[in-house]
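Report on one structure; see the data block that follows.
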Amino acid sequence: MDKFKVTPWEVEGRIDYNKLIKDFGTKPITQDILRVLEKHGRLHVMLRGGYFFSHRDLDLALDDYEKGKGFFLYTGRAPSGAMHIGHLLPFIITKWFQDVFHANVYVQIPDEEKFLAKRGLSLEEIDKMVETDILHISSLGFDPHRTFIFRDREYIRHMYTPAVKVAKKITYSTARAVFGFTNETNIGIGFYPALQIVPTLFEKKRCLIPAAIDQDPYWRIQRDIAESLGHYKAAAIHSKFLPPLTGPEGKMSSSVQETAIYLDDDPRTVKEKIMKYAFSGGGATIEEHRKRGGNPEVDVAFQWLHMLFEEDDGRMEEIRKDYRSGKLLTGELKMMLIEKLNRFLEKHQKEKRRAEKLVRLYMHDGKLAKRMWEG
Ligand code: TYM
């Protein structure tokens, strides 16, 4: 078995997602739970394709909705470099849940986290990135009456009281065990988990958190302490990691140019990167590919189409069959992905140019934002 590692700050190796479900004590997203979700709205391709693969208490959140109590949504982004497509995916599914379940959405922008966690990144550098990140998130078109986006260093006055209550319940030994903190860890990052837990307590309803599975350690701690603070244990849905273009190991990283598709990449760059770097499950030569076929399980272009972009399940099955049999070549498969990706990015970049006005609503002037500032 290959070795792998998943923490909020490090993801390495070829990840065995079934093993993660066991190790973290989460549950798989089964066909049964997808059928319940489907009663409320057409399933998003990231749910149908298995990109979101694991959960905690999603069933209870859905029960709460059916009983009329509802739930609220919470997710976040810690600026540390240009946003790549993997960073946007939790926000896209959050928007889907907001549309289907009419839920409030809270977006945390911890503009201190990566300063504390990473060597060599200054607060000033982070401050330069924050606005662009918020524009990317805002361009998805969340409901302005039901969405609040906040930066930790700006909203801290309203978070500090609940944060100290949370912090008092987390011991060093828990933090060491869950996050792997050592004697070298600075006390800033030692306190930070309290701040990431606070938004799960913003309403007296169950909080549902879409994120990649690296963020689960926070929710594990939250679930140990929430009830003693008079709140619900957080529910979560976990995604896999978008692998780097270059292969199925680890996660796409902002700091390695050729492994990532950034949200601001232009169509030519996308085409070049996919053609040059996207890991192929195809044969070494056309002849060999025609004879033996390709392996969709490791092929990055296939995986992206399947988990993120191809809305038509019938078409996806055809692509799988044709790639396996060798009828469809790697280059042709890559072109399919390039076309879908560029269409997606073109729309995203256009919306981003128009998102300025929305940012003000989400952060200050919208109904939910005003309520949060008034406390
Ligand atoms: P951050 O900024 O590292 O990542 C933002 C979101 O993207 C997910 N993610 C990925 N998903 C797929 N493939 C990848 N390669 C990949 N890399 C990152 C992360 O899981 C995250 O959902 N501590 C958080 C910020 C945060 C937060 C939250 C996240 C604050 N509150 C609540 C989720 C929910 C962070 O550093 O995310």
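Every number for a ligand or one of its atoms is a count from 1 in the order of the listing.
Shortest contact from atom 12 (C) of ligand 1 to any protein heavy atom: Y51 OH, 3.0 Å. In this structure, atom 29 (C) of ligand 1 lies nearest to the protein heavy atom G76 O, 3.4 Å. The single protein non-hydrogen atom nearest to atom 23 (N) of ligand 1 is E113 OE1, 2.7 Å, given as residue, atom name and distance. Protein heavy atom in closest approach to atom 11 (N) of ligand 1: G86 O, 3.3 Å.
Put simply, part of H84 is less than 4.0 Å from ligand 1, judged by heavy atoms. By the 4.0 Å heavy-atom criterion, D214 is counted among the residues contacting ligand 1. W219 counts as a contact of ligand 1, since one of its heavy atoms falls under 4.0 Å from the ligand. Taking a 4.0 Å cut-off on heavy atoms, P90 registers as neighbouring ligand 1.
Here's the thing with F91: none of its N/O atoms is less than 3.5 angstrom from an N/O atom of ligand 1.
Looking at P8, A260, A78, A236 and measuring to atom 37 (O) of ligand 1, the nearest heavy atom belongs to A78. Between atom 3 (O) of ligand 1 and the options K114, H87, R77, Q196, the minimum heavy-atom separation is to K114.
Two residues are said to be in side-chain contact when any heavy atoms from C-beta on lie closer than 4.5 Å; Y65 and F71 meet this criterion. At least one side-chain heavy atom of L58 sits less than 4.5 Å from a side-chain heavy atom of L208.
Using a 4.0 Å cut-off between heavy atoms, A211 contacts ligand 1 through both its backbone and its side chain.
A ring-centre distance under 6.0 Å is not found for F53 and Y51. Checked against a 6.0 Å centroid threshold, the rings of Y74 and Y106 do not count as neighbours.
No continuous path of ILVMFWY side-chain contacts below 4.5 Å connects L60 to I33, so the two sit in separate hydrophobic clusters.
Annotation: cation-pi pair R206/F72 absent, no NZ/CZ under 6.0 Å from the ring centroid and within 45° of its normal.
Taking the charged nitrogens against the carboxylate oxygens, K352 and D264 do have a contact shorter than 4.0 Å, which makes a salt bridge.
Ligand 1 places these atoms under 4.0 Å from at least one heavy atom of Y74: 28 (C), 31 (N), 32 (C).
Here the closest non-hydrogen pair linking D57 and R223 is OD2-NH1, 2.9 Å.
Side-chain atoms of E113 and S80 form no donor-acceptor pair, as typed in the model, at a separation below 3.5 Å.
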